[in-house]
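If you're wondering where the values come from, they're calculated on a predicted model, not measured in any experiment. Worth knowing before you read on, the calculation uses all heavy atoms, side chains too, and leaves out hydrogens, waters and symmetry mates.
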Amino acid sequence: MKYWLMKSEPTDYSIDDLEQDGFIDWYGIRNYQARNFMRDQMSIDDLAFFYHSNCKEPGIVGVMKVCKLAYPDKLQFQSGHKYHDPKSDPNNPRWVNVDMAFVKKTRLLSLNEIRTYPELETLKILQRGNRLSITPLSEFEWDFINKKLAT
DNA sequence: GCCAACGTTGGC
DNA sequence: GCCAACGTTGGC
């Protein structure tokens with residue numbers, strides 16, 4: 001069992017959208033490191049925090065879990081689409097997504113609040129210049145955040 | 001909208 | 001394989 005933090009811009013796809021849909025193909029990842037996490041390291045039932053980024057109140061807003069292992073992201077082959085990648089070979093697709101299932105909403109644990117906890121200094125999203133939209137969390141980080149979310 | 005910090009691209 | 005130019009991310 002692994003733990004993840006996955007960013008999405010709420011104007012693109014929010015925790016409310018996921019609650020409505022039940023699950024979502026985590027589309028549009030076009031970064032090799034993030035892709036490799038999905039392709040090589042994610043397992044069914046891995047848990048992830050849903051993080052709202054690039055918005056007024058960035059932070060953790062919910063929990064979800066992996067419900068389908070990595071498979072080719074169909075948008076990479078859709079000509080004209082924002083996520084179209086003409087260099088991706090259909091016989092050897094470059095980009096994948098996993099399916100994520102809604103688990104629950106949480107209170108907002110804002111980026112500002114996250115920064116106030118010395119225990120979370122090691123969080124990948126707090127490291128200088130880190131822009132990865134998918135990052136792993138240690139079990140300690142996961143548990144610590146869950147406790148904060150419960151209060 | 002700004003811009004720092006990265007990742008990617010492509011000429012050489 | 002170097003590296004300058006360009007594109008993207010994401011907090012502010």
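Salt bridge A/Arg107/A/Glu113: present, at least one basic N to carboxylate O contact under 4.0 Å.
If you check every strand for non-hydrogen atoms under 4.0 Å, A/Arg30 touches nothing.
Pairs of residues two or more places apart, or lying in two chains, that qualify as side-chain hydrogen bond (donor to acceptor under 3.5 Å, both in side chains) and include a residue from residues 35-46 of chain A are A/Trp4-A/Asp46, A/Asn36-A/Arg39.
Remark: A/Asn54 engages A/Glu9 in a side chain to side chain donor-acceptor pair (under 3.5 Å) (not counting sequence neighbours).
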Determine, step by step, whether A/Leu108 and A/Ile60 satisfy the side-chain contact (heavy atoms from CB on, under 4.5 Å) criterion, reporting the C-alpha distance in whole Å, the side-chain angles of both residues, the deciding distance to 0.1 Å, and the verdict. CA-CA 6 Å; A/Leu108 170 71; A/Ile60 290 168; over 6 Å; no
Contact letters for nucleotides 3-12 of chain C, in which S counts primed atoms plus P, OP1 and OP2 and B counts the base, heavy atoms under 4.0 Å: ----BBBBBS
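Mapping A/Lys87 and A/Asn31 onto DNA chain B by nearest heavy atom places A/Asn31 closer to the 5' end of the strand.
Looking only at side-chain heavy atoms (C-beta outward), A/Asp143 and A/Glu139 come within less than 4.5 Å of each other.
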